[in-house]
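A, B, ... follow the sequence lines: proteins, then strands. Residue 1 opens every chain. The structure presented is a predicted model; accordingly, all values stated were derived computationally and were not measured.
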Amino acid sequence: MIRDVRTGPAPRHHYLNAGHGLASWFLTKDHKRIAWLYFVSITGFFFLGGLAATLIRLELITPNGDLLSSDAYNRLFSLHGIVMVWFFLIPSIPTTFGNFLLPLMVGARDLAFPRLNLLSWYVYIIGGLFTLIAAVAGGIDTGWTFYTPYSTLFANGAVLAAATGVFIVGFSSILTGINFIVTVHTMRAPGLTWFRLPLFVWAQYATSLVMVLATPVLSVTLVLLAVERVFGVGIFDPSLGGDPVLFEHLFWFYSHPAVYIMILPAMGVVSEVVSCFAHKRIFGYRVMAFSILAIALFGFLVWGHHMFVSGQSIYAGVAFSLLSFLVSVPSAIKIFNWLATLYKGHVRFDAPMLFAMSFLGLFLIGGLTGVFVATLALDVQMHDTYFVVAHFHYIMVGGAVSAYMAALHFWWPKITGRLYPEMWARVSAIIVFAGFNLTFFPQYILGWAGMPRRYHAYVEDFQLLNVFSSAGASMLAVGYLLPLIYLLWSLRYGAHASANPWNARGLEWTVPSPPPEENFERPPRVEHEAYAYDTDA
Amino acid sequence: MTRTPEHTVIVAHQFENLEQQFDADLLGMWLFLVTEALLFSGAFLALAVYYHQYHDTFSAAARELHWLLAGANSVILLTSGLAVALAEQAADQGRRRAALLGLLATIALGLVFLAIKGYEYHSEYQAGLMPFLQQPFAYDGPNPHNAMLFYNFYFVLTGLHAAHMVIGLAVLMVIAVLTWRWRDGARVARQVRIAGLYWAFVDIVWVLVYCSLYLVGR
Ligand code: HEM
Ligand SMILES: [Cu+2]
């Protein structure tokens, strides 16, 4: 019976056929089309970063550095990190699904500042170009963290071009953040009170706050770094009286909150998907909303856990360790509430739900091992080993990218007006889950045993686990390439989706798929809380 | 980019009414100022750390700066803040000429500020206090090595501020043209208000820059 409601006639007029030609895309102010601009660009960067990862994993199949020189290897993992963090994961969910859905979910015709929205895409692209230039002009070998004094005095790559790229893309985040916050504050439809907002909107809101408050600090840090490198001004250079640890403080003051820029939107997606596929009201709505805000807030207080062995005072280390434990409390609350939502639900395992379930399991493992590395004494051993690499990949790939895939499948019918092939999507979800664990679980063991990160050669004892890891990576590649094929296929051959193929709640499902250019014919009036699943419609 | 004819469409299509649009614009500007404040905060933090570490050296180095000239500059900038506030009020009351006059006064005072700042840079350059771009560093106080760090901060912070002045002046010039044209009074009043907000921020940052670089060490 659910199958019947999934397909429906295509609407005559919608945002996709509202204009034709290049100008209608590159000069558009429609948030839905801008979401597409972002979607295509970040997908490009995702596969570029993936290419670098492939080469890294190929090199690591054998203990000797035989495929790449150490210098080339350093450049590859730096490119991988920079591209994946700033050009894929940070923009991923906000600029695509956030852009597309936020106005729909708050019942508005567009974001508050459509032109600014388009500008932020151009800023993103310019930042991306600088990074590509840096990659082509010899690459950089500092890692994504740009630590001084290496990056300012010694590194002999295109550090300046790469730092400029990251600096510029930061403004794209800031502009998006401002746009989202203003939209949520001023553009909600009549009757849509704060506590009727979908959790996806809460998550975008909290993410935007972090973007707006943290990103400028990265910008100024990169300015100081560039000034030091170009003019020989000593700010972080000890030989000129500067302090390199200050750079780390400033960098992580941004970059720890930045990991919440990556995970909070994912949490928003999972809330929508879990409650839809359990066909149940989300458990503990208010607590969920507040814990999103709490994570965003606490996220600003824990940056020092990246610097336990950098020479910061031991007392600061203890404080940062304790504060880091505190962050895991609201995250755990969210996990429990998602599980409680599933409890006694009518759970269906369509592809979005499979991806969301992957998120739950993998984020849990990543979060728990986060507590390991946040333990001061333990981290002295774990720091800069593969254990840390496994930790953040469980969260960023296992968690955030799985949620991104969940969102992609969940809203694909809404965005394109087409259904994707369900069977293939489930296959992809399962391959990704298995491949992911095969890739990254061995890295926990390797790190525990002491294999350091960022080297292209290692002792022979570690080979078996590294071969597992590389084998898993090839599965991951298949798992991520598959959607590229069947989603493209569905654009042409997929069945036409109905307005609400998942029988979900939320304003975005009340408009046709794909939505008309103006989203709503008249401003909707909201009478229900979000997730009113038990008032069966 | 596409242009909306100013006189026909007043409310942008995504808004229900003018009030909502104004709320959004104002909130957007406030948020932008928050990000600007955080941008400066990183540099101020670093300065504070080093002031703490090299207190005596930094104080001695600070005494070489033209604190009186910069003090005069502070008065000039704050006066420009008054001018833009008056322009806001005038625009609100629909007095086009007064608004335009206020804006032009603001711009003129801003340019005077930059000129004086340029003169300061020039004299520091001649005194050999510009420790980069392969310039000889001719500071003869104690610990020239660490004093160099102070001058670095001086140039980074005042330079960052000056860059914001230039942006602010460009914005004010556009607004002045819009005020001169006066297509839609209510809309102009909003634009003046929002540009004025940015200018006020530039003023406040200068007060902080002035206190922390020129005065703390004295
Ligand atoms: C929620 C999403 C999270 C993400 C996306 C994330 C991401 C990351 C990343 C990228 C790094 C490595 C940085 C580098 O050195 O290159 C890292 C390290 C670290 N993470 Fe997480 N993390 C998350 C959650 C947590 C939590 C909840 C905790 C603690 C309760 C935690 C504790 C740590 C610690 C202590 C390190 C430093 C380990 C070391 O370098 O020795 N993380 N994380
Ligand atoms: Cu962290």
Distance, nearest 0.5 Å, that separates CZ of B/F15 from CE of A/M187: 5.0 Å
Winner by heavy-atom pair count (cut-off under 4.5 Å) against chain B, out of A/P103, A/S219, A/P114: A/P114
Qualifying residues under ring-ring contact (aromatic ring centres under 6.0 Å, His included), relative to A/F320, sequence neighbours excluded: A/W303
For chain A, which residues of residues 164-171 of chain B have heavy atoms nearer than 4.5 angstrom: none
Heavy-atom contact with chain B under 4.5 Å, split by part of A/E228: neither
Check: A/R109 main-chain N/O paired with B/Q14 side-chain donor or acceptor under 3.5 Å: no
Region of A/A108 that comes under 4.5 Å of a non-hydrogen atom in chain B: neither
Side chain to side chain, B/F32 and A/V212, heavy atoms closer than 4.5 Å: no
Contacts with chain B made by residues 177-186 of chain A (heavy-atom distance under 4.5 Å), listed by residue number: A/I178, A/I181, A/V182, A/H185, A/T186
Interatomic distance, B/L39 atom CG to A/I174 atom CD1 [nearest 0.5 angstrom]: 7.5 Å
Residues of residues 42-63 of chain B with any heavy atom under 4.5 Å of a heavy atom in chain A: B/G42, B/A43, B/L45, B/A46, B/V49, B/Y50, B/Q53, B/Y54
Residue part contacting chain A, namely of B/D25, when any heavy atom lies under 4.5 Å: both
pair A/T215-B/T35: side-chain heavy atoms closer than 4.5 Å: no
